[in-house]
Amino acid sequence: MREIFGFTARSLQTAHPVPFGALIVDTRTGDRLMRGTNAVMRENDPSAHAETRTVRLACRKLKRPNLAGYTMYSTCEPCPMCMANALWARLDRVVYGATIADANRFVMQIHISAKDVARRSDMPCTVVGPVLRDLCTTLFTHPNMQKAFQTWSSSK
């Protein structure tokens, strides 16, 4: 979790800061497969959440649509779209930092927990979180991120 926090925190010093980052690692060895950040505003794509982008990149790298044997770490609890994507990708486990409620203090959210999405699925996936919640929540409160949120809300 600290690795994806640090990777995501570096975006706060760029022209496109984001609080959402994801990292996929081998569940058994912990070896990094892929990481990414949210690019919704940068790519003008509402599906370009950190988790879905990282799954896409990881599947492309492995040349298969199945990530069984891998775990995703996310700086924030995956939204229902991202959690469903993690399930379809067959990830073993999803570990998150900040919660959907934490994120909702700053940006709109769909209020369905990742654990609830996983529980309602036929696809097994362990959901763990929040982990290092306070640390991950600082991504939302950073002054550069606060300025970006004002831009995001004015681009409706």
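A side-chain donor-acceptor contact under 3.5 Å links Arg90 to the backbone of Trp88.
By the 4.0 Å N-to-carboxylate-O rule, Glu43 lies close enough to Arg53 to be salt-bridged with it.
Following chains of ILVMFWY side-chain contacts shorter than 4.5 Å, one can reach Val40 starting from Phe7, so the two form part of one hydrophobic cluster.
Checked by atom type, the side-chain pair Ser47/Arg56 shows a donor-acceptor distance below 3.5 Å. Between Thr99 and Glu77, the side chains place no donor N or O within less than 3.5 Å of an acceptor N or O (distance only, hydrogens not considered). Between the side chains of Tyr73 and Arg93, a donor-acceptor pair is found at a separation under 3.5 Å.
Summarising the local packing, CZ of Arg119 is surrounded by more than 12 heavy atoms from other residues, nucleotides or ligands at distances under 6.0 Å. Atom CZ of Arg120 has 12 or fewer heavy atoms from other residues, nucleotides or ligands within 6.0 Å.
For Asn85, the side-chain hydrogen bond (donor to acceptor under 3.5 Å, both in side chains) criterion is met by no residue, not counting sequence neighbours.
The residue from Thr54, Leu91, Asp92 that alone fulfils the side chain to side chain contact (heavy atoms under 4.5 Å, CB included) condition with Leu67 is Leu91.
Side-chain atoms of Val94 and Thr71, non-hydrogen and from C-beta on, never get closer than 4.5 Å to each other.
For Phe140 and Phe20, the ring centers are positioned less than 6.0 Å apart.
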